[in-house]
Amino acid sequence: QKEVEQNSGPLSVPEGAIASLNCTYSDRGSQSFFWYRQYSGKSPELIMSIYSNGDKEDGRFTAQLNKASQYVSLLIRDSQPSDSATYLCAVPHDRMKTSYDKVIFGPGTSLSVIP
Amino acid sequence: DAGVTQSPTHLIKTRGQQVTLRCSPKSGHDTVSWYQQALGQGPQFIFQYYEEEERQRGNFPDRFSGHQFPNYSSELNVNALLLGDSALYLCASSSITGGGQDTEAFFGQGTRLTVV
(Lines give C-alpha, C1' and ligand atoms only; values in the text may rest on other atoms or scores of the structure.)
Protein backbone atom coordinates (compact mmCIF):
# COMPACT_ATOMS: atom_id res chain seq x y z
CA GLN A 1 0.00 0.00 0.00
CA LYS A 2 1.61 3.21 -1.17
CA GLU A 3 1.62 6.07 1.28
CA VAL A 4 2.31 9.74 0.97
CA GLU A 5 2.89 11.70 4.16
CA GLN A 6 2.87 15.42 4.84
CA ASN A 7 2.78 17.62 7.91
CA SER A 8 -0.82 18.77 8.16
CA GLY A 9 0.14 22.17 9.52
CA PRO A 10 -1.07 24.78 9.64
CA LEU A 11 2.11 26.40 8.47
CA SER A 12 2.15 30.16 8.94
CA VAL A 13 4.69 32.42 7.27
CA PRO A 14 4.85 36.22 6.95
CA GLU A 15 4.29 37.82 3.58
CA GLY A 16 7.50 37.88 1.55
CA ALA A 17 9.07 34.93 3.37
CA ILE A 18 9.91 31.49 1.95
CA ALA A 19 7.38 28.76 2.67
CA SER A 20 8.77 25.24 2.76
CA LEU A 21 6.43 22.28 2.36
CA ASN A 22 7.65 18.72 2.79
CA CYS A 23 6.46 15.30 1.66
CA THR A 24 7.73 11.74 2.03
CA TYR A 25 6.55 8.70 0.10
CA SER A 26 6.75 4.99 0.77
CA ASP A 27 7.18 3.48 -2.73
CA ARG A 28 10.87 3.65 -3.61
CA GLY A 29 9.97 2.90 -7.24
CA SER A 30 7.84 6.03 -7.71
CA GLN A 31 9.06 8.05 -10.68
CA SER A 32 6.73 11.04 -10.81
CA PHE A 33 5.74 13.51 -8.16
CA PHE A 34 3.15 16.23 -8.17
CA TRP A 35 2.22 19.24 -6.10
CA TYR A 36 -1.39 20.41 -6.14
CA ARG A 37 -2.80 23.57 -4.60
CA GLN A 38 -6.33 23.54 -3.21
CA TYR A 39 -8.04 26.70 -2.06
CA SER A 40 -10.72 26.30 0.57
CA GLY A 41 -13.89 24.95 -1.00
CA LYS A 42 -12.26 24.56 -4.41
CA SER A 43 -10.83 21.70 -6.43
CA PRO A 44 -7.12 20.74 -6.56
CA GLU A 45 -5.00 22.44 -9.20
CA LEU A 46 -1.70 21.02 -10.47
CA ILE A 47 1.11 23.53 -9.90
CA MET A 48 4.31 21.50 -10.23
CA SER A 49 5.48 18.11 -11.42
CA ILE A 50 8.98 16.69 -10.99
CA TYR A 51 10.56 13.49 -12.23
CA SER A 52 14.32 13.80 -11.72
CA ASN A 53 16.46 14.30 -8.64
CA GLY A 54 17.30 17.90 -7.95
CA ASP A 55 15.43 21.15 -8.27
CA LYS A 56 12.79 22.33 -10.72
CA GLU A 57 11.86 26.00 -10.72
CA ASP A 58 8.71 27.64 -12.06
CA GLY A 59 8.33 31.27 -11.15
CA ARG A 60 8.18 31.60 -7.37
CA PHE A 61 7.81 27.84 -6.95
CA THR A 62 10.69 25.35 -6.66
CA ALA A 63 10.15 21.62 -6.33
CA GLN A 64 13.00 19.55 -4.89
CA LEU A 65 13.29 15.77 -5.24
CA ASN A 66 15.58 13.35 -3.43
CA LYS A 67 14.70 9.81 -4.47
CA ALA A 68 17.32 8.22 -2.21
CA SER A 69 15.63 9.80 0.81
CA GLN A 70 12.15 9.39 -0.70
CA TYR A 71 11.56 13.05 -0.08
CA VAL A 72 10.03 15.80 -2.16
CA SER A 73 9.54 19.41 -1.15
CA LEU A 74 7.97 22.59 -2.46
CA LEU A 75 9.44 26.01 -1.79
CA ILE A 76 7.41 29.15 -2.35
CA ARG A 77 9.53 32.30 -2.50
CA ASP A 78 8.18 35.76 -1.74
CA SER A 79 5.02 34.24 -0.27
CA GLN A 80 1.83 36.19 -0.86
CA PRO A 81 -1.49 36.07 0.99
CA SER A 82 -2.96 34.61 -2.21
CA ASP A 83 -0.72 31.56 -1.66
CA SER A 84 -2.77 30.67 1.41
CA ALA A 85 -4.19 27.25 0.57
CA THR A 86 -3.71 23.55 1.21
CA TYR A 87 -0.84 22.00 -0.72
CA LEU A 88 -1.21 18.35 -1.67
CA CYS A 89 1.69 16.09 -2.57
CA ALA A 90 0.84 13.18 -4.89
CA VAL A 91 2.39 10.20 -6.66
CA PRO A 92 0.90 8.18 -9.52
CA HIS A 93 -1.11 5.10 -8.66
CA ASP A 94 0.90 3.24 -11.34
CA ARG A 95 4.63 3.89 -10.93
CA MET A 96 5.25 3.06 -14.60
CA LYS A 97 3.14 5.87 -15.93
CA THR A 98 2.85 9.59 -15.56
CA SER A 99 -0.72 9.15 -14.49
CA TYR A 100 -1.87 12.58 -13.53
CA ASP A 101 -5.40 11.49 -12.90
CA LYS A 102 -4.82 8.25 -10.96
CA VAL A 103 -2.80 9.53 -8.10
CA ILE A 104 -2.32 8.91 -4.42
CA PHE A 105 -2.57 12.13 -2.47
CA GLY A 106 -1.04 13.00 0.85
CA PRO A 107 -3.25 14.60 3.51
CA GLY A 108 -2.11 18.08 2.53
CA THR A 109 -0.38 20.91 4.38
CA SER A 110 -2.37 24.03 5.15
CA LEU A 111 -0.38 27.19 4.45
CA SER A 112 -1.33 30.59 5.79
CA VAL A 113 0.58 33.66 4.59
CA ILE A 114 0.18 36.52 7.04
CA PRO A 115 0.16 40.06 5.57
CA ASP B 1 -14.15 26.07 -23.47
CA ALA B 2 -16.00 24.57 -20.54
CA GLY B 3 -13.84 22.82 -18.01
CA VAL B 4 -14.90 19.83 -15.96
CA THR B 5 -18.43 20.29 -14.69
CA GLN B 6 -20.07 18.39 -11.87
CA SER B 7 -23.64 18.30 -10.65
CA PRO B 8 -25.15 18.85 -8.26
CA THR B 9 -22.87 21.11 -6.23
CA HIS B 10 -24.42 20.17 -2.90
CA LEU B 11 -26.58 17.27 -1.84
CA ILE B 12 -28.11 16.07 1.41
CA LYS B 13 -29.20 12.44 1.69
CA THR B 14 -30.44 10.20 4.45
CA ARG B 15 -28.51 7.16 5.63
CA GLY B 16 -29.45 4.08 3.58
CA GLN B 17 -30.45 6.05 0.50
CA GLN B 18 -28.79 5.94 -2.89
CA VAL B 19 -27.16 8.86 -4.71
CA THR B 20 -25.99 9.60 -8.24
CA LEU B 21 -23.38 12.24 -9.00
CA ARG B 22 -22.60 13.45 -12.50
CA CYS B 23 -19.50 14.66 -14.31
CA SER B 24 -18.90 16.13 -17.75
CA PRO B 25 -15.24 16.06 -18.76
CA LYS B 26 -13.29 18.89 -20.28
CA SER B 27 -13.66 19.17 -24.05
CA GLY B 28 -11.26 16.77 -25.75
CA HIS B 29 -10.89 14.51 -22.72
CA ASP B 30 -12.09 10.92 -22.75
CA THR B 31 -11.07 9.63 -19.33
CA VAL B 32 -12.83 10.34 -16.06
CA SER B 33 -11.59 9.59 -12.56
CA TRP B 34 -13.52 9.94 -9.33
CA TYR B 35 -12.14 10.86 -5.92
CA GLN B 36 -13.58 11.13 -2.43
CA GLN B 37 -12.20 13.86 -0.19
CA ALA B 38 -13.17 13.75 3.46
CA LEU B 39 -12.84 16.94 5.48
CA GLY B 40 -9.21 17.68 6.27
CA GLN B 41 -7.91 14.82 4.13
CA GLY B 42 -6.40 14.46 0.69
CA PRO B 43 -8.57 13.07 -2.11
CA GLN B 44 -8.80 9.27 -2.27
CA PHE B 45 -8.98 7.58 -5.69
CA ILE B 46 -12.24 5.68 -6.21
CA PHE B 47 -12.04 4.51 -9.84
CA GLN B 48 -11.39 5.57 -13.40
CA TYR B 49 -13.45 5.15 -16.56
CA TYR B 50 -12.15 4.98 -20.11
CA GLU B 51 -13.98 3.72 -23.19
CA GLU B 52 -17.05 3.16 -21.03
CA GLU B 53 -15.23 0.65 -18.84
CA GLU B 54 -13.78 0.79 -15.35
CA ARG B 55 -9.98 0.73 -15.81
CA GLN B 56 -8.77 0.77 -12.27
CA ARG B 57 -10.27 0.90 -8.82
CA GLY B 58 -9.12 2.13 -5.47
CA ASN B 59 -9.93 0.61 -2.11
CA PHE B 60 -13.67 1.30 -2.06
CA PRO B 61 -16.52 -1.15 -1.48
CA ASP B 62 -18.91 -2.33 -4.16
CA ARG B 63 -21.48 0.17 -2.90
CA PHE B 64 -19.55 2.60 -5.08
CA SER B 65 -20.19 2.04 -8.76
CA GLY B 66 -19.94 4.09 -11.88
CA HIS B 67 -20.73 4.43 -15.51
CA GLN B 68 -19.33 6.24 -18.52
CA PHE B 69 -21.49 7.24 -21.46
CA PRO B 70 -20.53 7.41 -25.16
CA ASN B 71 -20.11 11.19 -24.84
CA TYR B 72 -17.48 10.53 -22.11
CA SER B 73 -19.60 11.93 -19.29
CA SER B 74 -19.73 9.82 -16.18
CA GLU B 75 -21.84 9.01 -13.15
CA LEU B 76 -20.84 7.90 -9.68
CA ASN B 77 -23.45 5.90 -7.79
CA VAL B 78 -23.31 5.17 -4.09
CA ASN B 79 -25.80 2.73 -2.57
CA ALA B 80 -26.81 2.22 1.06
CA LEU B 81 -25.31 5.51 2.15
CA LEU B 82 -23.43 5.65 5.43
CA LEU B 83 -22.68 8.69 7.55
CA GLY B 84 -19.02 8.15 6.67
CA ASP B 85 -19.77 8.72 2.99
CA SER B 86 -20.17 12.42 3.71
CA ALA B 87 -17.41 14.08 1.70
CA LEU B 88 -16.51 16.17 -1.31
CA TYR B 89 -16.64 14.02 -4.43
CA LEU B 90 -14.29 15.18 -7.14
CA CYS B 91 -14.21 14.25 -10.78
CA ALA B 92 -11.03 14.63 -12.84
CA SER B 93 -10.77 14.32 -16.60
CA SER B 94 -7.84 13.66 -18.88
CA SER B 95 -7.07 11.91 -22.14
CA ILE B 96 -4.83 9.04 -23.17
CA THR B 97 -2.00 9.95 -25.52
CA GLY B 98 -0.73 7.72 -28.30
CA GLY B 99 2.06 6.54 -26.02
CA GLY B 100 -0.42 5.32 -23.43
CA GLN B 101 0.34 8.10 -21.00
CA ASP B 102 -2.31 10.28 -19.45
CA THR B 103 -2.37 13.99 -20.08
CA GLU B 104 -2.66 16.47 -17.26
CA ALA B 105 -5.87 16.00 -15.34
CA PHE B 106 -8.28 18.79 -14.53
CA PHE B 107 -10.60 18.60 -11.58
CA GLY B 108 -14.19 19.72 -11.37
CA GLN B 109 -15.44 21.82 -8.48
CA GLY B 110 -16.85 18.79 -6.76
CA THR B 111 -20.14 17.70 -5.22
CA ARG B 112 -20.47 18.15 -1.47
CA LEU B 113 -22.47 15.16 -0.19
CA THR B 114 -23.84 15.22 3.34
CA VAL B 115 -25.41 12.06 4.74
CA VAL B 116 -27.65 12.57 7.77
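Note that the structure is a prediction, hence the values are computed from the model and not measured. Chain identifiers are assigned alphabetically (A, B, ...) following the order of the sequence lines, protein sequences preceding nucleic acid strands; residue numbering begins at 1 within each chain.
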**Prompt:** So, for A:D78 and A:R60, which heavy atoms are closest and what is the spacing to 0.1 Å?
**Reply:**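 So the minimum-distance heavy-atom pair works out to O-NH1, 3.2 Å.
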
**Prompt:** Of all heavy-atom pairs between B:L21 and B:W34, which one has the smallest distance, and what is that distance?
**Reply:**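 That closest heavy-atom pairing would be O-CH2, 3.8 Å.
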
**Asked** Do any N or O atoms from the side chain of B:S86 and from the backbone of B:V115 form a donor-acceptor pair under 3.5 angstrom?
**Response**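 Such a contact is found between B:S86 side chain and B:V115 backbone.
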
**Request:** Please confirm whether the backbone N or O of B:R55 pairs with a side-chain atom of B:Q48, one donor and one acceptor, at under 3.5 Å?
**Result:**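 Checked: no pair found.
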
**Item:** A:N66 side chain near A:Q64 side chain, heavy-atom distance below 4.5 Å
**Value:**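 No, their side chains stay 4.5 Å or more apart.
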
**Message:** Quick check on the interface: out of B:Q44, B:Q109, B:Q41, who has the most heavy-atom pairs with chain A under 4.5 Å?
**Reply:**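 Most pairs with chain A among the choices: B:Q109.
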
**Prompt:** Between B:Y49 and B:F47, is the ring centre distance below 6.0 Å?
**Reply:**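 Ring centres of B:F47 and B:Y49 closer than 6.0 Å.
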
**Item:** Residues in residues 107-115 of chain A that sit under 4.5 Å from chain B, counting heavy atoms only
**Value:**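 Within residues 107-115 of chain A, near chain B: A:P107.
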
Donor-acceptor pairs under 3.5 Å, side chain of residues 10-19 of chain B to any protein atom, not counting sequence neighbours: which ones?
{"from": "B:Q17", "atom 1": "OE1", "to": "B:T14", "atom 2": "N", "distance (Å)": "2.8"}
{"from": "B:Q18", "atom 1": "NE2", "to": "B:T20", "atom 2": "OG1", "distance (Å)": "3.0"}

**Asked** Non-hydrogen atoms of chain A under 4.5 Å away: do they reach the side chain of B:Q56, the backbone, both or neither?
**Response**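 For B:Q56, the contact with chain A is made by the side chain alone.
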
**Request:** Among A:K42, A:E45, A:Q6, single out the residue with the greatest number of heavy-atom pairs under 4.5 Å to chain B.
**Result:**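 With the most close heavy-atom pairs to chain B, the winner is A:K42.
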
**Prompt:** Among A:S43, A:G41, A:G106, A:A90, which has the most heavy-atom pairs under 4.5 Å with chain B?
**Reply:**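 When all of A:S43, A:G41, A:G106, A:A90 are compared, A:S43 has the most.
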
**Request:** May I ask you to decide if the ring planes of A:F33 and A:Y25 are parallel, tilted or perpendicular, using 30° and 60° as cut-offs?
**Result:**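 Taking A:Y25 first and then A:F33, their aromatic rings sit tilted (interplane angle of 30° to 60°).
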
